[in-house]
**Student:** 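For reference, the structure I am asking about is given below.
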Amino acid sequence: MLAFRARFRGVFGMAKYPFTEIEKKWQRHWEVNKTFRVHEDYSFPKEKRRYVLDMFPYPSGAGLHVGHPEGYTATDIYCRFLRMRGYNVLHPMGFDAFGLPAENYAIQTGTHPAVTTKANIQRFREQIKALGFSYDWDREVSTCDADYYKWTQWIFLKLFDKGLAYEAEMPINWCPSCKTGLANEEVKDGECDRCHTKVVRKRIRQWVLRITAYADRLLEDLELVDWPEAVKLMQRNWIGRSEGASVRFAIASGPGQGGAAASTGQGGAAASTGAASAPVGDNFIEVYTTRPDTLFGATYMVLAPEHALVEKITTPAQKAAVEAYVEAATKKSDLERTDLAKDKTGVFTGAFAVNPVNGHQIPVWISDYVLISYGTGAIMAVPAHDDRDWDFAKEFGLPIVQVVAAEGSEEARAGTVAAEPAACTAADGVAVNSGEWNGTSTAVFKTKIIEGLESRGIGKKTVNYKLRDWLFSRQRYWGEPIPVVHCPKDGVVPLPESTLPLILPEVKSYTPTGTGESPLANTGAWLDTTCPVCGGPARRETNTMPQWAGSCWYYLRYIDPNNAHEFVQPSRLEYWMPVDLYVGGAEHAVLHLLYSRFWHKVLYDLGFVNTKEPFLRLVNQGMILGEDNQKMSKSRGNVINPDDIIREFGADSMRVYEMFMGPLEVSKPWSTAGLVGVSRFLERFWAISEALAEGTKRLVDEAPQGDLSKLLHRTIKKVTNDSDTLNFNTAISAMMILSNEAAKLEALPRSLWESMILMLGPYAPHLAEELWERTGAADTLARHPWPSWDEASCADEQKEIVVQVNGKIRERFVAPAGTAEDRLAERARALPKVLEWTTGKEVVKVVTVKDKLVNIVVKG
RNA sequence: GCCGGCGUGGCGGAACGGCAGACGCGGCGGACUCAAAAUCCGCUGUCCUCACGGGCAUGAGGGUUCAAGUCCCUCCGCCGGCACCA
């Protein structure tokens, strides 16, 4: 650190204000006086209440790095600003304390995760407090406290009652390193989002939440919130709603017919052209398509290898090949199966289906490019208008029939195209090779053909989602136990609410078993229990909830953190909800933020919360990169520790610097050199205060005059507006300009000095409180009224008018504010400099902007 | 591949379609000092010019406009998301 100090500030004779003492003093003051404790005070009308929330941290062993406090500083400044503007502000903090890292660390070191988690929370709390944030610490929650997770379990029971939590034996994403199943949202590029191990498929018993039941509302209600468009878009894409049709294709009676036609690439030309009758029983293949208008171009079908019909329809001749393919597909990882670079593979089943619109018999194949988990697990293949089908058809020599042509093209006019198209296109157009429908536009045809299929009872309009149900159980120890028992007689039985919380038991070993069972499976006494229904012996559920569970609803618990009877008291909920501003990292765009919205909507439907959406406005803070412009990481050795910065420059410098770096939402590199500039700005405040104490400057009661008055009013206006809109960087810049001017004054107007201190309050609260006290103020500035400005005092009485000739600036002159535009033009044209550029040329046009500019357009 | 976002001095970044580069860092020069540190003052996009002044500049190229960093189109680069979802 000494080297650090020497490099940036010089070892000797630093002018440095005593920030360490000041910051300790005021942190103690706020804590002892509970300055930021907040109540449901009804003297504040609804519009004067704000709920400002930070994404609470996961207390890792590494402690805070400079990225963490960025969002926290932003919300803190905003909250302090709001309080001074007369708002009652709920601003809480807590800890997302269940989860894998703590557990892994515990396994490594042999300490209980509860112990390390507690220590980590302690450390985080101290580090956060060292930055002087104005949280109401009386509302702190930790998701691993039984008093908290009692209600997480309670919400789970509500989900269970509503049929939104169910057990399923299904193939899941399994991380071999974390030894647990993962939700789809936790898998990125086929890797575990946390540890980047390739996930494998594993079939085990799971708890799953029916988030898909809320897909439409999760999509629609994005309209209700003020969130970054990018995040909304990510959620929309993740939900992935599509409209199309499900269509039934009858399986052709005699296997083997037309096989030669298919293998020679002649389409269904040899098949009968009569309309097929509606299929009955399970003698059909149902597909989902978003392009029912291309039905005439469906020349083959593909089933996912796992499809139930595969076994049934495969002909004896193809049996061996099909079984081998299915076997191979099962062994492949999801990543291998979805690898786009690879060529398409597949096997013909030997069976044929009947295209319901033209009666052609088309071959049925299996291929792993069709996913069992989407739609019906089967597709009609239209190689002329789908890239994947095109590739497959080319690979296996299957027929390709064009059924859409560009509007106005020759093909469109002809209506019939005999040749195979040269390329695949998914573009809309008009129908060709589609019998009576030729010439119909794609959009119209979609509707018409669905009507037709519906009337024949073989198809209907269908909506599909990419969103899958939420895999909710983890085969790990450090999480909320799922409050159900398994009874041989009564099956899965939820615990009665009155028995909650179901305490996570102490265990000898919390090492994950890797077998698909959690360590809780080895806890004899806890495991064996009685069934709440029949009283007979039963076994507890051994899976635990994922880390996301606790964070799904923590914002609600802050409202009433100590309520032992309800998860939150309705009147308090009514007082504070919804969250007005939520600030956190963009990495939660489709994880926490989707899960949380889902739970909130369930609670809304049950009448437990009063808003459809939990978070009205969302802001993602940008990442703070290392000085090398790279992501901060231990391995790169570019991590900046806030403790060091606070020790060397003070918490206030740290806070103001992080806000001065640039806009909150963008990523930007840390620069300790840049921090020095901010530090000097704060020292200037201190120096002014010292000069006042020493008498080299004096405080005068006269109001500032002239330019100084204008600067003061303008600064108040700018800092007010910028603080309100979270543009803290430009607010700080404005304060710098004002403080530079103030430092030059020997006679400092009291109103100027006090306004400066008050505006600094939210940004550098420790220093501001100290300076405020030094002015003789009796009370903290935390709720002192924010300074106001006078609009008239902001205005210039003289304006500099820019004169352009053909858009280039040639001269400028001063005119009284509000001078008529024609008068400005007149004056501009008479200027000698302007005449140099205009004489001998024809003036085509003169554009004037009041109080700003004259542009003379000349020709020749 | 598809969908977003972003490209401005040596650096972080400012800029209702109307003076590009506020503010800060760094650099250069000066004051103070025996000297240094700290502090204060001045200069600091680039090219031409002794100067006055002028040209060129917001990733590249087009366009709209009296006027474009800002709006539109094409392209390049970086970052993020999705990835055979029929």
Side-chain angles (χ1 to χ4, degrees), chain A residues 6 9-16 188-190 228-238 240-242 244 287-291 294 302 337-342 344 367-371 373-382 385-389 391-392 426 464-468 586-587 589-590 623 627 629 631 657 660-663 665-678 680-681 683-684 687 727 729-737 740 743-744 800-810 812 833 844-849 852-858:
Chain A
R9 310 188 54 135
V11 174
F12 312 104
M14 286 172 290
K16 181 164 158 177
K188 292 223 173 358
D189 299 324
E229 272 311 312
V231 175
K232 288 193 189 185
L233 195 71
M234 271 192 253
Q235 292 214 349
R236 283 192 193 108
N237 290 342
W238 191 260
R241 183 181 199 273
S242 75
V287 302
Y288 171 72
T289 176
T290 54
R291 292 295 300 274
T294 61
V302 187
R337 283 184 61 162
T338 56
D339 184 1
L340 276 173
K342 80 168 163 46
K344 295 274 187 287
S367 172
D368 62 8
Y369 87 90
V370 173
L371 308 174
S373 51
Y374 184 78
T376 60
I379 60 155
M380 65 176 211
V382 185
H385 306 290
D386 181 285
D387 286 315
R388 298 152 301 185
D389 298 344
D391 291 345
F392 191 83
N464 247 310
Y465 301 91
K466 289 207 278 188
L467 184 71
R468 307 288 152 75
E587 67 273 17
V590 287
M623 220 173 342
E627 301 216 53
N629 232 314
K631 219 180 235 184
Y657 173 62
F660 185 62
M661 290 170 81
E665 301 85 348
V666 309
S667 293
K668 52 242 162 199
W670 177 268
S671 157
T672 302
L675 170 71
V676 172
V678 164
R680 287 207 265 258
F681 161 64
E683 268 158 17
R684 191 164 300 125
N727 293 119
N729 55 331
T730 47
I732 293 163
S733 160
M735 286 191 274
M736 283 174 167
I737 295 168
N740 285 342
K744 292 175 189 163
E800 188 179 57
I801 308 298
V802 168
V803 185
Q804 301 179 328
V805 179
N806 286 348
K808 285 197 200 281
I809 296 158
R810 297 303 181 188
R812 39 192 96 212
K833 200 62 175 298
V844 182
K845 188 176 186 178
V846 179
V847 181
T848 55
V849 180
K852 279 214 175 106
L853 142 156
V854 178
N855 187 12
I856 301 160
V857 185
V858 298

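Keep in mind that the numbers below use all heavy atoms, side chains included, and drop hydrogens, waters and symmetry copies. All chains are named by letter (A, B, ...) in the order of the sequence lines, taking the proteins before the strands, and each is independently numbered beginning at 1.
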**Student:** Of the options B/A22, B/A86, B/G13, whose atoms approach the side-chain atoms of A/Leu371 most closely?
**Tutor:**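 Comparing B/A22, B/A86, B/G13 against the side chain of A/Leu371, the answer is B/A86.
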
**Student:** Within this structure, what is the CZ-to-C1' distance between A/Phe660 and B/C11, rounded to whole angstrom?
**Tutor:**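 It is 13 Å, rounded to the nearest whole Å.
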
**Student:** Mind checking if A/Val370 touches a base, just sugar-phosphate, or nothing, with heavy atoms under 4.0 Å?
**Tutor:**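 Counting heavy atoms under 4.0 Å across all strands, the contact made by A/Val370 includes a base.
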
**Student:** Taking atom C1' of B/G81 as reference, at what distance in whole Å does atom CE of A/Met234 sit?
**Tutor:**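 That distance rounds to 5 Å.
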
**Student:** Would you indicate what A/Lys744 reaches in the nucleic acid, counting non-hydrogen atoms under 4.0 angstrom: base, sugar-phosphate, or nothing?
**Tutor:**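 Sugar-phosphate contact only.
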
**Student:** Which one, B/C23, B/G12, B/C84, comes nearest to the side chain of A/Asn740?
**Tutor:**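 Side chain of A/Asn740 sits closest to B/C23.
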
**Student:** Could you work out which one of B/C19, B/A86, B/G24 sits closest to the side chain of A/Arg812?
**Tutor:**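 It is B/C19.
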
**Student:** Would you mind calling B/G9 syn or anti? Take O4'-C1'-N9-C4 for purines or O4'-C1'-N1-C2 for pyrimidines, and syn is within 90° of 0.
**Tutor:**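 Here B/G9 takes the syn form, which means its glycosidic angle is within 90° of 0.
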
**Student:** In whole angstroms, how far is the C1' atom of B/C6 from the NZ atom of A/Lys668?
**Tutor:**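 In whole Å, B/C6 C1' lies 14 Å from A/Lys668 NZ.
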
**Student:** Using a 4.0 Å heavy-atom cut-off, does A/Ser242 contact any base of the nucleic acid, only the sugar-phosphate backbone, or nothing at all?
**Tutor:**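 Here A/Ser242 touches the backbone only, sparing every base.
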
**Student:** Just to be sure I understand the rule, does A/Arg684 reach a base, reach only the sugar-phosphate, or reach nothing, if contact means heavy atoms closer than 4.0 Å?
**Tutor:**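 The answer is sugar-phosphate, as A/Arg684 gets under 4.0 Å only of primed atoms, P, OP1 or OP2.
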
**Student:** Hey, does A/Ser667 reach any base, or is it just sugar-phosphate, or nothing, if we go heavy atoms under 4.0 Å?
**Tutor:**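 Sugar-phosphate only.
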
**Student:** If I take atom CD1 in residue A/Ile737 and atom P in nucleotide B/A15, what distance separates them, rounded to the nearest angstrom?
**Tutor:**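 To the nearest whole Å, that distance equals 12 Å.
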
**Student:** OP1 or OP2 of B/C56 sitting under 4.0 Å from any side-chain N/O of A/Lys808?
**Tutor:**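 Looking at the OP1 and OP2 atoms of B/C56, one of them is under 4.0 Å from a side-chain N or O of A/Lys808.
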
**Student:** Nearest to the side chain of A/Ala230, which nucleotide is it out of B/G54, B/G12, B/G4?
**Tutor:**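 Nearest nucleotide to the side chain: B/G4.
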
**Student:** What is the separation between atom CG on A/Asp391 and atom P on B/A83, rounded to the nearest whole Å?
**Tutor:**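 Value for this atom pair: 19 Å.
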
**Student:** Report the distance from atom CD of A/Glu683 to atom P of B/U39, rounded to the nearest whole Å.
**Tutor:**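 Atom-to-atom, A/Glu683 to B/U39, this comes out as 7 Å.
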
**Student:** Given B/G55, B/A22, B/A67, identify the nucleotide with an atom nearest to the side chain of A/Asn855.
**Tutor:**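 For A/Asn855, the side-chain atoms sit closest to B/A67.
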
**Student:** Should we say atom NZ of A/Lys188 is surrounded by more than 12 heavy atoms from elsewhere, each under 6.0 Å from it?
**Tutor:**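 Enclosed.
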
**Student:** Whole Å only: how far is the CH2 atom of A/Trp670 from the P atom of B/G12?
**Tutor:**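 A/Trp670 atom CH2 is separated from B/G12 atom P by 16 Å.
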
**Student:** Choose from B/G18, B/A15, B/G24 the nucleotide whose nearest atom is closest to any side-chain atom of A/Thr730.
**Tutor:**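 Nearest to the side-chain atoms of A/Thr730, counting from C-beta on, is B/A15.
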
**Student:** A/Asn729 near the nucleic acid: base, sugar-phosphate alone, or nothing, with a heavy-atom cut-off under 4.0 Å?
**Tutor:**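 Sugar-phosphate: the residue A/Asn729, judged by heavy atoms under 4.0 Å, touches backbone atoms but no base.
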
**Student:** What is the distance from NZ of A/Lys344 to P of B/G1, rounded to the nearest Å?
**Tutor:**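 A/Lys344 atom NZ is separated from B/G1 atom P by 15 Å.
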
